[in-house]
Amino acid sequence: MQTTSLPPYLRSLNPEQRRAVQLTEGPVLVLAGAGSGKTKTLVHRIVHLIRGRGVDPARIVAVTFTNRAAEEMRERVKAYAGAEARQVLLSTFHSLGARILREHAHRLGLPARFAIYSTPDQLAALRTACAEISIDDDSFDLKRIARRISDWKSRRVDPVTAKREVAAGITRGNRADAYAVLAADAYAKYEEVLRASGAVDFDDLLLLPVRLLSEDEEVRRAVWKRWHYVMVDEYQDTNAVQFEMARLLAGSRRNLCVVGDDDQSIYAFRGADVGNILEFERHFPGAAVVKLEQNYRSTQRILEAANAVIAGNARRHPKRLRTDNGPGAPIDYCEYADERAEAEGVAREIQTRRLTHKLAWGDFAVLYRTNTQARVFEEALRERNIPYRVVGGTSFFERKEVADATAYLRAVAHPHDEIAIRRIINYPARGIGRTTVLRIAELAAQRGVPFAVALESLDAGDVGAAPARAIAGFLDLLAAARQGLAAAEAESARTPFHATLPPIARWADEFFRQIGLEDEIRKDPRNARSADARSDNLKDLVGSIARYERRVWDDAATRMGGPLLEAAAEPPEDWSPPTLAEALARLALVDMNEEDDRRTDDASVALMTLHSAKGLEFSDVFLVGLEEGILPHARSLDAAADAEEASAADPLAEERRLLYVGITRARRRLSLSLCKTRGKSAAPTVPSRYLADIPPELLNVRTEGAALSPEESAELRKNFFSQMRAMLGSEDA
């Protein structure tokens with residue numbers, strides 16, 4: 001077909017992308033290799049449904065894993081399909097789950113305005129649960145217990161079944177895992193703490209909607225009536241609950257299109273199951289399969305290295321990336337004496353290339369397997385005055401000042417939120433100490449009431465006169481704040497606004513000033529250097545609420561087919577006005593860490609783990625520490641040794657996929673390196689087994705200081721790889 005006869009939105013697609021776009025009915029699997037334009041394909045598929053097939057945009061839902069990806073898709077769809085594209089639901093899995101849960105929460109006994117607990121809140125709830133069943137949280141890592149519970153939820157394992165699972169493992173003679181036992185004991189109580197606070201955690205945002213869709217026919221039919229076409233991005237990263245959600249959303253129409261790449265499945269530690277994409281055709285018989293193998297990012301040499309590495313995985317959908325970008329520079333390979341020499345060599349090379357190739361600092365990335373490898377590179381870059389940023393720092397909502405402010409907002413919006421109330425009850429200090437808080441919790445347990453109810457019914461005889469007065473003042477503060485919030489929500493519901501701060505955001509700003517949160521930040525000597533940044537974080541939180549309010553009105557305006565509503569306009573009948581509870585729910589679902597640390601930054605070199613690098617690309621990439629025990633990681637080597645047989649979840653296969661992801665981040669130039677010795681003991685290392693799969697002719701083997709002559713490089717490649725293959729031959733056989 002001549003492309004000139006196609007609609008404009010299809011002309012820029014290659015034949016494989018176009019086929020994926022035009023296959024609109026029934027199950028479709030799009031295997032999108034790295035850099036093959038998967039987002040473009042998804043966007044044009046949505047546009048084709050609207051423009052080419054006449055589908056009502058409100059009948060389309062596309063699900064991805066990050067808010068940033070959803071927002072990017074939204075803007076690109078809008079560019080092709082116009083303002084009505086805003087009616088397409090472009091969402092993360094968790095946001096979609098929250099939407100379904102909000103509409104049907106009463107069927108599960110949840111309040112309509114339930115709270116969504118972030119990681120710090122979940123840990124606080126778990127701490128409360130452990131205390132109630134006499135587990136000393138100071139003796140154990142709560143995060144490990146939380147991860148175990150999260151793993152059960154991602155596999156749809158309830159507390160009773162979890163206990164049976166752990167007991168059965170011990171009965172079969174498996175080594176007892178203390179944390180598995182503790183988690184099984186704490187799981188049920190943790191769920192009780194959540195429900196008593198009218199709260200859910202992130203896992204519940206997937207688990208509970210799936211329960212509704214599985215068990216409640218009325219909910220199921222309502223969802224099927226609303227959405228007729230379902231698309232899932234990054235399908236290789238789905239876990240068991242997400243798979244079930246996608247299957248239930250598709251329903252009997254089976255109009256499910258998933259896009260992903262099994263070769264980039266690297267999140268098993270988060271519960272991702274690569275079997276979901278590998279077995280898609282078994283799960284959905286008759287599915288059409290389209291492969292996107294044309295790469296628009298990298299040079300041919302980089303892709304040949306990537307193809308060679310990933311071909312070592314036996315269980316995968318065969319694909320071979322190709323490009324029209326030309327062969328490109330050879331891949332640099334260097335062995336350094338130790339990690340200090342490696343870091344200095346990489347820093348020196350970055351500095352040289354920036355000058356000789358006129359690149360920005362942000363064109364460079366140093367990728368490593370574990371965060372512990374970063375420190376020596378930071379030191380080397382600092383010594384050369386090279387600006388850098390370490391990706392993967394503290395997320396926005398885990399910063400103390402933000403967590404404190406958010407807890408105040410939750411305590412106002414959710415009066416029974418025990419975790420929020422306990423966090424702020426004595427911050428800033430008001431004379432309600434830890435002993436008093438523990439006494440209140442004890443009274444709540446004795447009386448069989450929630451913590452907040454016990455708090456409201458206290459008298460001086462329960463806790464003493466001074467603490468009772470302080471508690472009364474605290475409760476008066478919250479009561480007055482709820483009155484102010486009610487007025488702000490009423491104003492926000494009836495009035496479109498053009499002011500700097502909409503009503504709810506303005507109320508929050510005034511509330512923070514009344515509490516004195518900024519004053520508390522500035523008077524703490526530990527915050528002297530960071531006081532301005534911490535105060536700005538409070539302003540950012542208020543700004544996020546303001547953006548939410550404006551977005552609600554913008555969405556209403558779009559549905560009415562006009563610009564931002566005028567003051568006299570009436571919103572749609574089924575319109576939901578802005579509320580603080582909804583703002584908090586949306587904020588909890590926003591990965592602020594993604595915005596902070598994964599942003600494009602031309603002014604600094606990026607240091608990050610291979611896991612963090614997925615989805616990003618750089619002109620020049622340095623893959624460092626390519627040694628046995630690092631990549632593949634020692635834990636994966638141990639797990640592989642313990643495994644009875646290879647499977648889709650083969651840990652060494654996932655380590656190989658990590659290297660593949662790292663290689664395919666590079667656009668123009670790729671550098672590989674390892675250390676001959678590592679650590680204070682200068683222990684000798686072994687090169688990563690995966691290096692042996694890279695064809696020697698692709699490499700430019702270098703010394704620590706300078707490139708070898710072509711003849712020397714060829715001879716060193718020949719000797720190095722023959723020795724490596726001999727050394728690893730018994731393991732690969």
Gap between atom [atom2] of [Y] and atom [atom1] of [X] - 0.5 Å precision:
| X | Y | atom1 | atom2 | answer |
| --- | --- | --- | --- | --- |
| Leu321 | Thr664 | CG | OG1 | 7.5 Å |
| Leu631 | Leu367 | CG | CG | 11.0 Å |
| Ile310 | Ile663 | CD1 | CD1 | 9.0 Å |
| Ser636 | Asp650 | OG | CG | 9.0 Å |
| Arg348 | Ile386 | CZ | CD1 | 10.5 Å |

[X]-[Y] side chain donor-acceptor pair, cut-off 3.5 Å:
| X | Y | result |
| --- | --- | --- |
| Asp262 | Tyr235 | no |
| Arg678 | Thr685 | no |
| Gln294 | Ser36 | no |
| Glu349 | Thr352 | no |
| Asn700 | Asp332 | yes |

Test of understanding: with side chain to side chain contact (heavy atoms under 4.5 Å, CB included), list the residues that count as partners of [X], not counting sequence neighbours.
| X | answer |
| --- | --- |
| Arg247 | Phe243, Glu244, Phe284 |
| Arg19 | Leu23, Val290 |
| Ala146 | Leu123, Leu126 |
| Thr92 | Asn67, His94, Ser95 |

Would you check if the side chain of [X] reaches a backbone N or O of [Y] as a donor-acceptor pair within less than 3.5 Å?
| X | Y | result |
| --- | --- | --- |
| His611 | Tyr267 | no |
| Ser91 | Leu96 | yes |
| Arg656 | Leu652 | no |
| Asn276 | Thr238 | yes |
| Gln236 | Asp261 | yes |
| Asn313 | Ala653 | yes |
| Ser150 | Arg147 | no |
| Asn325 | Ser298 | yes |
| Lys40 | Ser12 | yes |
| Gln17 | Asn14 | yes |

Closest heavy-atom pair and its distance - [X], [Y]:
| X | Y | answer |
| --- | --- | --- |
| Ile277 | Gly260 | CD1-C, 3.6 Å |
| Pro632 | Leu637 | CG-CD2, 3.8 Å |
| Ala34 | Arg297 | CB-NH1, 4.2 Å |
| Ala305 | Ile694 | CB-CG2, 4.2 Å |
| Leu256 | Val232 | CD1-CG2, 4.1 Å |
| Lys319 | Glu293 | CA-OE2, 3.3 Å |

Exercise for the section: Is it possible for you to check whether Arg144 lies under 6.0 Å from the centre of the six-membered ring of Tyr179, through NZ or CZ, and within 45° of that ring's axis? Expected result: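 Yes, a cation-pi geometry.
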Practice task
Measure from NZ or CZ of Arg657 to the centre of the six-membered ring of Tyr660, then state whether that distance is under 6.0 Å and the direction lies within 45° of the axis.
Solution key: no
Less than 4.5 Å apart, side chain to side chain, heavy atoms only: is that true for [X] and [Y]?
| X | Y | result |
| --- | --- | --- |
| Asp203 | Trp152 | no |
| Val346 | Val624 | yes |
| Asp233 | Val259 | yes |
| His48 | His44 | no |
| Asp620 | Asp363 | no |
| Ser673 | Glu335 | no |
| Met231 | Arg45 | yes |
| Glu655 | Tyr690 | yes |

Exercise for the section: If a pair satisfies salt bridge (Lys or Arg N to Asp or Glu O under 4.0 Å) and one of its residues is in residues 304-313, list it, with sequence neighbours excluded. Expected result: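 Output for this query is empty, none listed.
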Side-chain ion pair, [X] and [Y], N-O less than 4.0 Å:
| X | Y | answer |
| --- | --- | --- |
| Arg375 | Glu379 | yes |
| Arg689 | Glu628 | yes |
| Asp263 | Arg316 | yes |
| Glu72 | Arg76 | yes |

Exercise for the section: Using the test ring-ring contact (aromatic ring centres under 6.0 Å, His included), find all partners of Phe377 that sit at least two apart in sequence or belong to another chain. Expected result: none
Practice task
Take Asn255 and Val230, measure what side-chain contact (heavy atoms from CB on, under 4.5 Å) needs, and give me the verdict at the end.
Solution key: CA-CA 6 Å; Asn255 290 334; Val230 181; over 6 Å; no
Problem - Derivation of the ring pair (Phe, Tyr, Trp, His ring centres under 6.0 Å) call for Phe618 and Phe364 - result: CA-CA 6 Å; Phe618 302 89; Phe364 298 95; 9.6 Å; no
Fill in the blank from the handout: Paired with Glu627, the side chain to side chain contact (heavy atoms under 4.5 Å, CB included) test is passed by just one of Cys675, Ser688, Pro684, namely Cys675
Problem - Neighbour count above 12 (heavy atom, 6.0 Å) for Arg384 CZ - result: yes
Exercise for the section: Give a yes or no on this: more than 12 heavy atoms of other residues, nucleotides or ligands lie within 6.0 Å of atom CZ of Arg340. Expected result: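 Yes, CZ of Arg340 has more than 12 neighbouring heavy atoms, counting only those of other groups under 6.0 Å.
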Practice task
Kindly determine whether Arg667 and Ser619 satisfy side chain to side chain donor-acceptor pair (under 3.5 Å), including the steps that lead there.
Solution key: CA-CA 5 Å; Arg667 292 195 300 264; Ser619 174; 4.8 Å; no
Problem - Among Lys614, Gln264, Arg270, side chain to side chain donor-acceptor pair (under 3.5 Å) partner for Asp237 - result: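 Looking at Lys614, Gln264, Arg270, the match for Asp237 under the side chain to side chain donor-acceptor pair (under 3.5 Å) is Lys614.
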Exercise for the section: Just do the side-chain contact (heavy atoms from CB on, under 4.5 Å) check on Leu610 and Leu623 with the steps written out, would you? Expected result: CA-CA 9 Å; Leu610 289 163; Leu623 271 169; 3.4 Å; yes
Practice task
Apply side-chain contact (heavy atoms from CB on, under 4.5 Å) to the pair Asp338 and Thr677, showing each step before the final yes or no.
Solution key: CA-CA 5 Å; Asp338 54 28; Thr677 64; 3.7 Å; yes
